[in-house]
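Heavy atoms only: backbone and side chains are in, while hydrogens, waters and symmetry mates are out. We name chains A, B, ... by the order of the sequence lines, and we start the count at 1 in each one.
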Amino acid sequence: MRILAGAAAMRSVQFLIFHKSPTRSLLIGSILLITVIAGLVGLYRVGRFPFLDPFLKHGAGPTASAGEDLRAVEMSAELPDEAAPVPKSAADIREEMHRLAAWLRRWFPDAADAGIIAGRLEYHLGDMDAAEDAFQSVLRLAPDNVHAHHGLALIDVARSRFEQAVPHFRRVVGLSPGAVGPMLELADTLIRTGRMDEAVDLLEKDFPSEIESVWRAQMLGQCYLHRGDLRRARMMYELALMLQPEDPVALTGLATVFSRLNDREQAAAFTERLGRVREREREVARQTRLAHDDAASLAQKLAEAYGDAGRFCAVQGIGLLAERLLCRAVALRPDDGKAHLDLAELYLKREDRLNDAIAHAEAAAAASPGAATNLFLARTYQAAGRSDEALDAARKALAFGERWPEALALYRQLTESRERNGSGTPSSTSPFGSSERP
Amino acid sequence: MNFPLRNRKILLIGLGLALLGLGYVLWNGIADRNRDVADLDANVPETSSSAFPAVTEKREFVTAMAPQPGQAPADSSPFYFVEVTSEAGIDFRHTDGSSGRRYVIEPMSAGLLIFDYDKDTFEDIYLLNGAPLPGCETEDIPRNRLYRNLGEWKFVDVTDAAGVGDLGYGLGVAAADVDNDGFEDVYVNNFGPNVFYRNNGDGTFSEAAAECGVRGGEQMGAGVCFLDADRDGWVDLYVGNYIDFSFDQHIARSINGIPSYPGPLDYQPIPDTFYRNLGNGKFQDGSETSGIGTLSGTCMGLVAGDFDNDGDDDIFVCNDVKENFLWINDGTGRFEERAVAGGVAYDAFGAPQASMGADSGDLDNDGLADIFMTSYQNETVTFYRNLGAFFEDATPTSGAGVSSYSYVTWGVIIADFDNDGFRDVFIACGHLDDNVELRDRTTSYWAKNILLKNLGNGKFRDVSERSGPGLQIRLSSRGAAAGDLDNDGDLDIVVLNSRMPATVLRNDTPTRNHWLQVLLEGRESNRSAIGARVEITAGDLRIWDEVRSGRGYQSDWGRRLHFGLGPRTMVDRLEVRWPSGNRDVLKNVPGDRLMYVVEGQAPVSD
């Protein structure tokens, strides 16, 4: 239909124009041509002709990358620079959270990941309208984005729109096959809307049988209690107690079950036990409140958002922005192992920043000791030619047990490399003196 | 037409390119919508689970509304309430005595009392007020206020004449005829020493808390109720205490950087107090012997009633962020706490709630006293349905939690507002943080109150939006009480609003339903007939109610029992079960009147 309309329009324009003077025709044609070319250039600048990139970049040389860098510089100008002080007060942190969310939405309106990060920031700030808008825009880009559906479900719950939350939760379950968390959340919401039978079906039939979950057992206990099936309710609450011996919900449930069975002795026993658990729980909650630092809590959320945004930019290939964002993340939260690791990966690609890569890799390994961080540290040392330290890190990675094949391969590679470089001493290829895995 | 071939070609090329460009843009738009999700998700960065309530983390939010299959459109409501505060002459304005320091006591505000203090058949209103707290400078000293009902929606402030203008920080109030002289006395639960106003019978009161032994200490009070716990004909007194608080224990709190109030978890819970009426106008502290003093709680609202149907009054106590208490009376005034076994300690999910207020009534006409409780934001109200030996949280399946999740709820009234024979529920709403919108846009400091219509099948429907302008008022409401203020056969509502004028709502519900009101007077039983049960049979309708003192959110009303009869004009049988054990039965009682029933004597109607 559009093509027919376009052809008809062209015909009409031709007719009109051909009746005018040739000079005017030439002028109109030139204007049209210029307009079209300008439009195509504009489309290219926003990435609509990716197939042209290789040709234009190759031909243009530094001009194209310089253009991208200029854009990144422009974008980064709105971010706090490395020298900017870390916000201390909760009010300042809140302000920075708002700015980061706005920045993400402004510069990456068509990126679902950016929308998710922005939406979560707004959610944490309590601005549900903005959060909902962010998640909805993500769904317009990607209708099956699980994080957007999850965010919208939580917002619906916060706004008492439980019926609207259920389909979003269902979508999350459908998009996360095998993931039990979404199932549990969906069951929770179904129960809260009185749809006990659906909740039972979900928890009994669809829930992976090999996974043990206290929450599942609690909810099934509640459903069976509601049905009056005291036998099954008792089974479920006892299962919950087996999985978590001091679970107050299970204790409450069992006290209720035995009360209904007229077994006052058992009911009293569970009630007494519950009382002690609740007292401890209350005291812990009190101490937690006393120690709670509002600003620190907000700073953590902001740091995580910066980390997520940095990783997003790294994936997009915008190294300048990724670095700025990740640096801010570690400034806010120096013990953020993941952000250190991401920064180290970024710097590892640049020969002039190898020392920074090592520094961040070491910080990551210190903050989050594990096979992965030590493996990465080993590789970083290796890149810097520090073989002894690389070997040491590889040995530590092995000690954790995870990713054993990878760690062992790297260890052997490092050992062989050291031998080839003239250590002169034949050494075992195993860090434990044999090739056998401990 | 004479057009050069060369120019024509240029023009055609330009138009062709324009069409190409347009086509490409359109194609990209279609392709975007069908973009492969797998590619997108592959690029989703790993995010820390603690940055957001992740899909694997259990949420803490609470109960919700139930689906309403075949629910009637929201545009139908039988109720109609109109605000008549100014017209009635009620010029009371509440103050919380705040100065910006945000003491925990400030947002608790207060309750109110509807009772007939001068026995002129018109229900009067007593409203509690706060007092200046440290840092608050004011020339206008707030006081409690008593408004005498002159009839025809005219009230007059008789506080000074009556001598009930207490200057203390009022929190909870209840009334009962403590000395059985025929006139209702008033007890005010304060932050600090409490006040007991003995009714002199001539329109005045005398403060006698110290003399009667019920002054209490410096605790932060809460709800209060009278009940004849030992059925000796003299009403006893249950005084709720909230937390162990003094100004030097104040803790400054903030949420996401926004100043907020401390909560009950920041302070130690304390036991409630039980005073036994000695029968000579004096009370004795019976907290230990009764068992009440053996447990510490964070009492807010409370309500007494015969929850186990054994003929004596038990007490349900709302504890804030702690398990509720259900004190079961053994008939002698000794109580045993059985909330867990009774199913009312927690919500359906086993979680303690920020319980605020509670009222009791038979919501499903099964002859058993149910409980309806209010609570905090991100928790809904809770409908505990009495199943006989225990209760169940019927909120999800009844629809009772509809609309309340986002709000803080306080006062609650179980009453038949349209006289159809099924009791409805009024809920007073309003946040305690006056700046909550700065950090949370799902709620608001000022909120509309909620009116739930009882559908008669164990379910409720929120009809607030269509119940007249009175339900559209947005304030931060606290205590609420109901009474037939104009004696026209339907129940009106009075609401105390934090830091604002009170709201008086006249019930103008257009209905042809009939009604009956019953006012009891004990002789062997306590004069106020507290604890007496009235059962009515009218055709196929069988309903009952109990005389209570102290209910809702730290408030009191309802000494005059109100029954909606629906289309029935005659009560076939009316039975009164007195606390003394006596029974009176009346037959063929015409509806649409106020009946006075004196224990052991022939009934008198108006």
Open item on the list: Between A:Ala158 and chain B, with a heavy-atom cut-off of 4.5 Å, which part of the residue counts as in contact: side chain, backbone, both or neither?
Closed with: both

- [ ] Starting at CD1 of B:Ile251, measure out to CG of A:Leu290 and round the result to the nearest 0.5 Å.
- [x] 5.5 Å

Open item on the list: Using every non-hydrogen atom in the two residues, find where A:Ser160 and B:Ser406 come nearest and quote the distance to one decimal.
Closed with: OG-OG, 3.0 Å

Task: Distance in Å, B:Ser254 OG paired with A:His292 NE2, rounded so as to fall on 0.5 Å steps - done: 6.5 Å

Task: side-chain contact (heavy atoms from CB on, under 4.5 Å) evaluation trace for B:Ile258 with A:Arg94 - done: CA-CA 10 Å; B:Ile258 310 294; A:Arg94 286 177 59 86; 4.0 Å; yes

TODO: Considering only NZ, NE, NH1 and NH2 on the basic side and carboxylate oxygens on the acidic side, decide whether A:Arg289 and B:Asp266 come within less than 4.0 Å.
DONE: yes

- [ ] Give a yes or no on whether a salt bridge exists between B:Lys322 and A:Glu279, defined as a side-chain N under 4.0 angstrom from a carboxylate O.
- [x] yes

Task: Heavy-atom pair with the smallest gap, counting every atom of B:Val340 and A:Ala255 - done: CG1-CB, 3.5 Å

Task: Structural part of B:Ala389 lying under 4.5 Å from a heavy atom of chain A - done: neither

Task: chain B contacts, top residue of A:Leu251, A:Asp127, A:Asp92 (heavy-atom pairs, under 4.5 Å) - done: A:Asp127

Open item on the list: Tell me the closest heavy-atom pair linking B:Asp320 and A:Arg282, and the distance in Å.
Closed with: O-NH1, 4.4 Å

- [ ] May I have the step-by-step check of side-chain contact (heavy atoms from CB on, under 4.5 Å) for A:Val157 and B:Tyr405, ending in yes or no?
- [x] CA-CA 9 Å; A:Val157 164; B:Tyr405 183 76; 3.7 Å; yes

TODO: Considering non-hydrogen atoms only, spot the tightest contact between A:Arg260 and B:Phe391 and give its length.
DONE: NH2-O, 3.5 Å

Task: Test log, rule side-chain contact (heavy atoms from CB on, under 4.5 Å), inputs B:Arg439 and A:His124 - done: CA-CA 9 Å; B:Arg439 57 172 170 82; A:His124 287 309; over 6 Å; no

TODO: Measure A:Ile116 against the heavy atoms of chain B and call it side chain, backbone, both or neither at under 4.5 Å.
DONE: neither

Open item on the list: Taking every non-hydrogen pair under 4.5 Å, which of A:Met196, A:Arg278, A:His226, A:Met128 racks up the most with chain B?
Closed with: A:Arg278

TODO: Starting from the C-alpha separation in whole Å, work towards a yes-or-no answer on side-chain contact (heavy atoms from CB on, under 4.5 Å) for A:Leu125 and B:Asn256.
DONE: CA-CA 8 Å; A:Leu125 288 165; B:Asn256 285 353; 5.9 Å; no

TODO: Any chance you could measure A:Thr271, atom OG1, to B:Glu323, atom CD, to the nearest 0.5 Å?
DONE: 10.5 Å

- [ ] Could you tell me which portion of A:Gln266 (side chain, backbone, both or neither) has an atom closer than 4.5 angstrom to a non-hydrogen atom of chain B?
- [x] neither

Open item on the list: Could you check whether A:Arg192 makes a cation-pi contact with B:Phe349, meaning its NZ or CZ is under 6.0 Å from the centre of the six-membered ring and within 45° of the ring axis?
Closed with: yes

Task: Reported OG1-to-CG distance for the pair A:Thr256 and B:Asp393, which is rounded to 0.5 angstrom - done: 11.0 Å

TODO: Kindly compute the distance separating CZ (B:Arg441) from CZ (A:Arg159), expressed to the nearest 0.5 Å.
DONE: 10.0 Å

Open item on the list: For B:Glu337, which atoms come within 4.5 Å of any heavy atom of chain A: side chain, backbone, both, or neither?
Closed with: neither

Task: Closest approach of B:Leu265 to A:Ala285 (non-hydrogen atoms, all atoms of both residues) - done: CD1-CB, 4.1 Å

Task: NZ or CZ of A:Arg286 within 45° of B:Tyr267 ring axis and under 6.0 Å - done: no

Task: A:Glu272 atom CD, over 12 foreign heavy atoms within 6.0 Å - done: no

- [ ] First locate atom OH of A:Tyr123, then atom OG1 of B:Thr442, and finally report the distance between them rounded to the nearest 0.5 Å.
- [x] 8.5 Å

